[in-house]
Every structure is written in C-alpha cells, then in structure tokens.
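Model, not experiment: these values are computed from the prediction.
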Amino acid sequence: MSFTSPVTKSRWSDVYISASVQLFGATGAFLVMVTLVLGLQERGASGLQVAALIIAEALPMAALGKVMGRLADRYDSRWLLVLAGLAQVLACQLLVRATDFGWVLVGGVALATATAVAGPTRSALLPAMVTVDDLPRANAIGQTAGSVGMMAGPALAGLLVGAGDVRQTLQIASFGFIATIVAGFALRTRRGMRAAATSGTAEKQTLTGWKIRQDRQLWVVVWGLALIVGSLSAVNVVGVFFIRGTLQSSATMYGVVDAMWTTGMLGGAWLIARAIRPKTTDESLVRWNLLSLGLLSAAIVLVGTVQAVLWLVPIFLVGGALNGLLNVVIGTLMGRRVPPDARGRAAAAMQSRVNGLALVGFLAGGVLLEVVTPRWMYLGAGLLGLVVVLAVTPVVLRAVRPTQETPTQETVPEPALG
C-alpha cells in the first residue's frame with residue numbers, strides 16, 4: 001500500500017536545516033570513527049579490537065531499534081533532537097579523555113546510542129516536510145549534505161592524525177554535534193504524539209500498531225538489503241589494514257581514499273533523484289535497488305584485485321555512487337509506503353535490521369582477519385554479496401508484483417514511517 005503525504009506545500013527551509021544537521025553530524029561522526037580506528041592501528045591494535053570498536057558503535061541501533069522507533073513516534077521531535085545532540089557532545093568529550101581501550105568502547109556506545117535517537121527522529125521528519133513528489137529531491141539534498149560530511153570527516157581525520165593530534169581531532173568533532181541541538185529549536189516541522197498535543201504546527205498522530213512486516217514488499221526489501229549489507233560489512237574492519245598495510249599507504253591517503261566513496265555518493269544521489277518521477281512505480285525502484293546492490297558487490301571484488309592505492313579512487317567513486325543511489329531509493333520507498341504516524345518505527349526497524357546483520361559481518365571480519373589476508377577478505381566479501389543478491393532477487397520480485405500500486409493512487413488523510 002502506498003501513501004501520499006498530508007503536506008500540500010513543501011517546507012524547503014526545514015529541509016535545508018535538516019540537511020545542515022546531516023552535514024555537521026556526519027562530519028563529526030566520521031571524524032570520530034576514522035580518528036579512533038587510525039589511533040588503534042598506529043598503536044598496534046588487532047583486527048578484533050578494531051572490530052570491537054565498530055561493533056560498539058553499531059550495537060545500540062541493532063539492539064534498541066524498536067525502542068528508538070517508538071520514542072521517535074511518541075515524543076516531541078524537538079526535544080528528542082535537543083537531548084540527543086547534548087548526549088552526542090558529552091559522549092565525544094568522554095572519548096577525548098579516554099585513556100584506555102575500555103573507555104573508548106564506552107564512549108563509542110554512548111555516542112552511538114545518542115545517534116540512534118537522533119537518526120530515526122530526523123528521518124521521520126523529512127516526509128512531513130515535503131510533498132510525495134518532492135520526496136526524492138529532499139532525500140537527495142539530505143544525502144548530499146551527509147555525503148559532504150562523510151567526505152570531510154575521514155579526510156580531516158587523516159590530516160590531523162597524520163600530524164599526531166588525536167585529541168584535538170575528537171574535540172573538533174564534538175562541535176559538529178551541536179548542530180543537532182540547534183536544529184531541534186530551529187525546525188518548524190514537528191512530529192510525535194506529545195508534540196501534536198501541545199503544538200499546532202506538529203504532525204497530528206495517533207500511535208497505531210503498524211509494523212513493517214504488514215507491508216510484505218517493504219519487509220522483503222529491507223531484509224534483502226540487510227542481508228547484503230551484512231555480507232559486505234566485514235570489509236569495514238579490513239579497510240585500514242588493506243590500505244595502510246597491504247598497499248603500504250599513509251594515514252592521509254587512507255582518509256582521501258575513504259572520502260572518494262562519499263564523493264561518489266553525491267553524484268549517485270542526484271542522478272537517481274532526477275530519474276525518479278511521480279509515475280515511477282515502486283517495482284521500478286526495487287529493481288534499481290537490486291541492480292545497484294549487485295554492482296556494489298562487484299566493486300568490492302575489484303577492490304581486492306588492485307595492486308596500487310590509486311586504483312581505489314575510481315572504484316570507490318563508482319561504489320559511492322551506487323551507495324548514494326541506494327539511499328535515495330530506500331528513502332523514497334519508505335516515504336511512499338509507510339503511514340505518517342509510523343515513520344520513526346519504520347526508520348528504526350530498517351536501521352536495526354541492517355545494523356544487526358552488519359554486526360555479524362564486523363565480527364566475522366575481525367575474526368577472519370586473524371587468519372585471512374585483507375585482500376582475500378575483500379574478494380570473499382564481494383563474492384558473498386553477489387551470491388546473496390542472486391539469492392534474494394527472486395524472493396524480492398515475487399513480493400513486489402502482487403502489491404504494486406501507483407504511488408499517488410491512494411491519498412491518506414492526516415491521521416486521527418526512512
């Protein structure tokens with residue numbers, strides 16, 4: 001079933017405020033992650049320790065996704081963003097003062113928990129800001145901002161860690177999260193049951209019992225995406241060892257190569273946003289999604305074949321473009337198919353499934369890195385991703401055909417979900 005937004009006119013000022021939060025938040029998040037990974041690698045940390053850090057940052061959303069989704073749908077989005085931003089800043093300050101690996105893990109979990117509140121809250125707000133026809137463009141604006149932040153964060157981390165100043169890097173990252181607090185007060189669009197009860201500008205809602213499994217098409221697409229992300233996530237642990245160890249490159253080059261992925265995401269997001277039209281069916285979006293996942297898996301295989309770090313630049317650009325395409329397609333599907341009062345739970349449900357299977361991949365990457373070279377890890381992960389794509393494609397397409405509707409067929413009134 002597809003839904004049209006009760007919004008009759010897009011509120012672009014809020015879209016740009018939300019995009020600014022994604023810009024500064026992504027910069028801060030990737031500044032923290034890359035700094036911590038590089039710091040561990042320089043101190044001789046094992047693959048298991050790097051995997052443990054990545055797992056710590058993914059665990060809150062995987063374990064608490066249902067709780068975070070209900071928070072986003074039930075409580076005032078303004079205060080959720082303010083409190084989440086404050087918690088992000090405090091967690092970052094804890095990481096600045098962390099002196100051993102245990103405290104680094106604690107700080108990583110705290111930061112990820114705050115982000116797990118802010119993410120679904122912001123994702124659920126976007127469809128309430130724009131009409132359904134403007135949703136692909138709004139998603140592309142957000143993806144662009146997030147991609148710029150993801151590009152700036154690793155590059156800046158590489159430069160600052162290369163200069164030997166890890167604490168200053170983490171201190172700078174904390175300023176990026178202040179944007180979440182500012183946005184909480186600046187956004188005119190609000191949602192959540194408590195907000196609706198106290199504000200005339202909030203999206204009025206009654207918290208229904210909607211669950212993602214009620215939409216068979218969306219349920220299968222989300223699980224298919226999660227399975228493929230899980231298959232590929234092991235390479236997140238391997239990247240720093242492959243570029244700095246196998247290819248003998250510098251910390252700065254590691255940051256630059258990592259930024260190429262997010263540079264490609266910019267182009268991919270806008271290309272697909274221009275391609276999606278009001279008459280583009282959900283089935284077409286799902287087919288694009290599956291094709292992109294297959295090509296992305298092939299790109300991971302190619303990474304494992306390179307002999308010089310410069311070859312990673314074009315591969316990461318293409319992989320990033322496919323990643324950007326996927327993000328906009330999934331965001332558009334969620335905005336079309338999820339009822340307005342359930343968008344927080346839908347966003348959290350998707351993220352918890354993806355993060356949960358990504359955790360399996362992270363752990364596998366840390367364990368296998370002890371016995372398998374980084375190059376073979378890339379080759380194996382990419383091939384596994386291709387196998388999973390081939391396996392889930394028939395299941396996904398069978399789920400799509402019986403439920404296909406034109407996205408604008410049904411108009412759902414404002415009630416009395418990426």
Side-chain angles (χ1 to χ4, degrees), residues 5-26 28-29 60-61 64-92 110-131 135 138-139 141-142 145-146 149 174-208 331 334-335 338-348 351 414-418:
S5 172
V7 179
T8 57
K9 184 179 180 181
S10 296
R11 187 174 286 168
W12 291 108
S13 60
D14 276 2
V15 172
Y16 287 110
I17 292 172
S18 179
S20 299
V21 177
Q22 285 187 261
L23 170 62
F24 288 108
M61 178 53 75
L64 302 174
K66 184 178 292 187
V67 175
M68 300 307 184
R70 292 190 70 83
L71 282 175
D73 286 333
R74 183 177 294 276
Y75 293 98
D76 190 338
S77 57
R78 170 169 294 174
W79 295 109
L80 285 175
L81 289 174
V82 170
L83 293 174
L86 180 60
Q88 287 174 316
V89 173
L90 293 175
C92 208
L111 180 59
T113 301
T115 302
V117 175
T121 301
R122 193 177 61 244
S123 296
L125 275 170
L126 187 62
M129 298 175 184
V130 297
T131 64
L135 190 56
N139 271 303
I141 291 172
S174 67
F175 290 104
F177 299 119
I178 295 175
T180 304
I181 302 173
V182 174
F185 291 110
L187 288 170
R188 289 186 296 163
T189 304
R190 294 168 70 180
R191 67 183 302 279
M193 284 176 59
R194 299 293 174 86
T198 59
S199 171
T201 62
E203 182 182 318
K204 295 181 177 62
Q205 297 173 36
T206 55
L207 195 61
T208 65
M334 298 285 277
V338 178
D341 65 296
R343 286 179 179 139
R345 280 168 286 158
Q351 292 175 31
E414 199 167 348
L417 105 281

With Val117, which of Val67, Leu83, Leu80 fulfils side chain to side chain contact (heavy atoms under 4.5 Å, CB included)?
->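 When Val67, Leu83, Leu80 are each tested with Val117, the side chain to side chain contact (heavy atoms under 4.5 Å, CB included) holds only for Leu80.
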Quick one: which of Val21, Val82, Leu81 gives a side chain to side chain contact (heavy atoms under 4.5 Å, CB included) with Ile181?
->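 So, applying the side chain to side chain contact (heavy atoms under 4.5 Å, CB included) to Ile181 and each of Val21, Val82, Leu81, only Val82 qualifies.
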Pairing residues for [X] by the side chain to side chain contact (heavy atoms under 4.5 Å, CB included) criterion, not counting sequence neighbours:
X	value
Ala91	Ala110, Leu111
Ala19	Ile141, Ala145
Ser20	none

Tell me the closest heavy-atom pair linking [X] and [Y], and the distance in Å.
X	Y	result
Cys92	Phe177	SG-CE1, 4.1 Å
Phe24	Gly176	CB-O, 3.3 Å
Ala112	Pro60	CB-CG, 3.7 Å
Leu126	Ala138	CD1-CB, 3.9 Å

Minimum side-chain heavy-atom gap [X]-[Y] below 4.5 Å:
X	Y	answer
Leu135	Thr131	no
Ser10	Met129	no
Gln88	Thr180	yes

For the side chain of Asp14 and the backbone of Thr189, is there at least one donor-acceptor N/O pair under 3.5 Å apart?
->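 Checking the backbone N and O of Thr189 against the side chain of Asp14, a donor-acceptor pair under 3.5 Å is found.
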How many angstroms lie between [atom1] in [X] and [atom2] in [Y], if you round to the nearest 0.5 Å?
X	Y	atom1	atom2	answer
Thr115	Arg122	OG1	CZ	9.0 Å
Arg188	Ile17	CZ	CD1	8.0 Å
Arg11	Ser18	CZ	OG	13.0 Å

